[in-house]
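To start, the structure under review is shown below, and the notes come after it.
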There are 2 protein chains.
Amino acid sequence: MSKKIIEPLSVDSVIFGFEEASLEVLLIKRAIKPSFGMWALPGGFIRYDENIDQASARVLEERTGVKGLFMEQLGAFGEVDRFPLGRVITVVYYALVKPGQYKINPGPDASDARWFNVKQLPELPFDHLKILERSLSRLRQQLKYKPIGFNLLPDKFPLLALQELYEAIYDVEFDKPNFRRKIMKMNLLIPLNEKQTGVAHRSARLYKFDKKRYDSLTEKGFIFEM
Amino acid sequence: MSKKIIEPLSVDSVIFGFEEASLEVLLIKRAIKPSFGMWALPGGFIRYDENIDQASARVLEERTGVKGLFMEQLGAFGEVDRFPLGRVITVVYYALVKPGQYKINPGPDASDARWFNVKQLPELPFDHLKILERSLSRLRQQLKYKPIGFNLLPDKFPLLALQELYEAIYDVEFDKPNFRRKIMKMNLLIPLNEKQTGVAHRSARLYKFDKKRYDSLTEKGFIFEM
DNA sequence: TCAAAAGTGTTTGCAATACACCCATGC
DNA sequence: GCATGGGTGTATTGCAAACACTTTTGA
């Protein structure tokens, strides 16, 4: 595979995770200039023989070890002076990873990588803060009418985990009984014959997302709405 | 102003208009190779001294004569073989124009330009059909919770025009009294002391969109929803 | 037996829907 | 007078919000 890159074009990734009931984003500590040593979004350049989706998927796999991560394009960012060393336009993707199914790898251009709570971000270089804010608002928007939140949860989860996910991302609180009913009425969850273990209270039933059912309902005009 | 361009990067515009109660898109007839003579989306290259928004705004003004058209970025399209003469990634914007406030100009690379009903499109070159479909679905999505539909109507319009706009774009029918009440309850329209003229029925009151009120309501957490 | 979360039941009020009806205008 | 759209009134229904309540588990 040729590694010849398209010079004025990069991809950057906003990787979201949900850990300890709060929304987190994966940042890398830059080991290259410019902005050496700063925490920043992971990224890379686009090669001549791959499309932009593939470039983004490659970067995501490099950093998380996961193939086929959920990702979606946010858009292109192209202020004239956004990158100090030259005119580089970047295409941004945001991605969602499930807890415990990845292995963080800083990559060749970074000395470290870790999760940051989206409410406690370090100073970011270039236009990365703007990119992150836009990703977050797109995520919030998408979550309202697409069931992509399941990509932030383990395959099997109790209902409260789903509720906490929405509460953390929108910074609101829901009534548990009502939330429960709303979700169950959609018929998008498959109840499992498994329960939580090791909790200091009544253990909850686990569910998994029924993607097939969602797809078939969507074809019939069903619209997911939170 | 330097006209030096960034070679592997173009902008394309999906310009929507609302004419005769149906949603239309502006296409140009290509007067350059490749795909000479085909109807296609208008576009151009990005210059070194402008950001991508500016590049898109420039293209939009070239074709419609209107400065400051409503526009929003759809995203970047970058299949390896999308353009036959070389690797060109394009950043797409969709724009909305009000009836009668523009003057169509094919531009230097086209021999003609005209509106096409989105349901009766000619054959399009490259990935332009995919781009158009994605623009349309983004437009439908955005229209649901942002009052951008007013950018497709004249400044002064009767309520039925707004209803017809939503009906045409979503291909549904609404109950007139209910639609009316729903809109009026939002308090986003300023009733004018003007009426339609030259219609063969009772003339309707005209309204204009109250952008200031929308902005202030939005700050307070109001969410527009159709 | 207490804390904490799981899970059920029920009341209430708002808002979308459906539809009957009268009003104004041009031909 | 009749066709066409403008515009108002009102009954019905469904559903989301609020909250009281019982159940299960671990410590």
Side-chain angles (χ1 to χ4, degrees), chain A residues 18 20-22 143-145 147 153-154 156-168 170-208 217 221-226, chain B residues 18 20-22 99 143-145 147 153-154 156-168 170-208 217 220-226:
Chain A
F18 186 66
E20 328 226 338
S22 81
L143 224 42
K144 272 188 197 162
Y145 61 94
L153 293 178
K156 303 170 182 182
F157 53 88
L159 280 185
L160 189 61
L162 186 63
Q163 180 175 344
E164 282 169 346
L165 177 72
Y166 279 93
E167 288 181 338
Y170 291 110
D171 204 16
V172 291
E173 294 202 351
F174 296 108
D175 177 88
K176 206 182 353 166
N178 293 336
F179 184 87
R180 184 185 187 78
R181 264 186 293 262
K182 182 171 184 171
I183 297 294
M184 295 317 284
K185 201 170 37 181
M186 291 184 192
N187 266 307
L188 291 177
L189 294 185
I190 301 173
L192 303 173
N193 290 321
E194 283 181 68
K195 299 202 160 195
Q196 281 178 314
T197 52
V199 287
H201 52 75
R202 176 172 172 182
S203 63
R205 180 187 281 271
L206 300 181
Y207 294 84
K208 73 186 247 240
L217 284 174
F222 165 81
I223 293 173
F224 177 87
E225 247 197 285
M226 285 301 297
Chain B
F18 187 66
E20 327 225 340
S22 80
L143 224 43
K144 271 188 199 162
Y145 62 95
L153 294 177
K156 303 169 181 180
F157 53 87
L159 280 185
L160 189 61
L162 186 62
Q163 182 176 341
E164 283 169 345
L165 178 73
Y166 279 93
E167 289 181 336
Y170 291 109
D171 204 15
V172 290
E173 293 203 352
F174 296 108
D175 178 88
K176 208 183 349 169
N178 293 336
F179 183 88
R180 183 185 188 78
R181 265 188 292 262
K182 182 171 183 170
I183 297 294
M184 294 317 284
K185 201 169 39 180
M186 291 183 191
N187 266 306
L188 291 177
L189 295 185
I190 302 173
L192 303 174
N193 290 321
E194 284 181 69
K195 298 203 161 195
Q196 281 178 314
T197 52
V199 286
H201 53 77
R202 178 174 171 182
S203 62
R205 181 187 281 272
L206 300 181
Y207 293 84
K208 72 187 249 243
L217 284 174
K220 288 175 199 152
F222 165 81
I223 293 173
F224 176 87
E225 248 197 287
M226 283 302 295

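Lettering of chains follows the sequences in order, A, B, ..., and the numbering in each one begins at 1. Keep in mind that what you see is a predicted model, and the values were worked out from it rather than measured.
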Applying side-chain contact (heavy atoms from CB on, under 4.5 Å) to B:F179 and B:L159, what does each step give before you reach the verdict?
CA-CA 9 Å; B:F179 183 88; B:L159 280 185; 5.6 Å; no

side-chain contact (heavy atoms from CB on, under 4.5 Å) between B:L143 and B:Y170, intermediate numbers included
CA-CA 10 Å; B:L143 224 43; B:Y170 291 109; 3.2 Å; yes

Would you sort out whether A:L189 and A:F157 count as a side-chain contact (heavy atoms from CB on, under 4.5 Å), showing the intermediate values?
CA-CA 10 Å; A:L189 294 185; A:F157 53 88; 3.8 Å; yes

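Taking every heavy atom of both residues into account, A:S22 and A:A168 meet most closely at CA-CB, 4.3 Å.
Residues forming a side chain to side chain donor-acceptor pair (under 3.5 Å) with A:D175 (at least two apart in sequence, or on another chain): A:N178. In this view, A:F224 and A:P147, A:Y166, A:M186, A:L188, A:Y214, A:F222, A:M226 satisfy the side chain to side chain contact (heavy atoms under 4.5 Å, CB included) rule, not counting sequence neighbours.
Scanning DNA chain D 5' to 3' for nucleotides with an atom closer than 4.0 angstrom to a non-hydrogen atom of chain A gives a first and last hit of D:dA16 to D:dG26.
Note: B:Y207 OH to B:L153 CG = 14.0 Å, rounded to the nearest 0.5 Å. Remark: B:K144 NZ to A:K144 NZ distance equals 12.5 Å, nearest 0.5 Å. How far NZ of A:K185 is from CG of A:N187: 11.0 Å, rounded to the nearest 0.5 Å.
Heavy-atom distances to DNA chain C give each of B:R202 and B:V199 a nearest nucleotide, and the one nearer the 5′ end belongs to B:R202. Taking the nucleotide of DNA chain D with the nearest heavy atom to each of B:Y207 and B:H201, the more 5' of the two is matched to B:H201.
The distance between atom CZ of B:R205 and atom P of C:dT25, rounded to the nearest whole Å, is 13 Å. A:L206 places its CG atom 14 Å from the C1' atom of C:dA5, with the value rounded to the nearest Å.
A sub-4.0 Å separation between OP1 or OP2 of C:dG7 and a side-chain N or O of A:R180 is present.
Pairs passing the salt bridge (charged side-chain N to carboxylate O under 4.0 Å, His left out) check and including a residue from residues 186-206 of chain B, sequence neighbours excluded, read B:K156-B:E194.
Proximity of residues 159-168 of chain A to DNA chain D (heavy atom under 4.0 angstrom from any strand atom) is not detected for any residue.
Remark: the backbone N or O of B:R180 is not paired with any side-chain donor or acceptor of B:Q163 at under 3.5 angstrom.
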Indicate for each nucleotide in nucleotides 11-20 of chain C, in 5' to 3' sequence, whether protein heavy atoms under 4.0 Å reach the base (B), only the sugar-phosphate (S), or nothing (-).
-----SBBBB

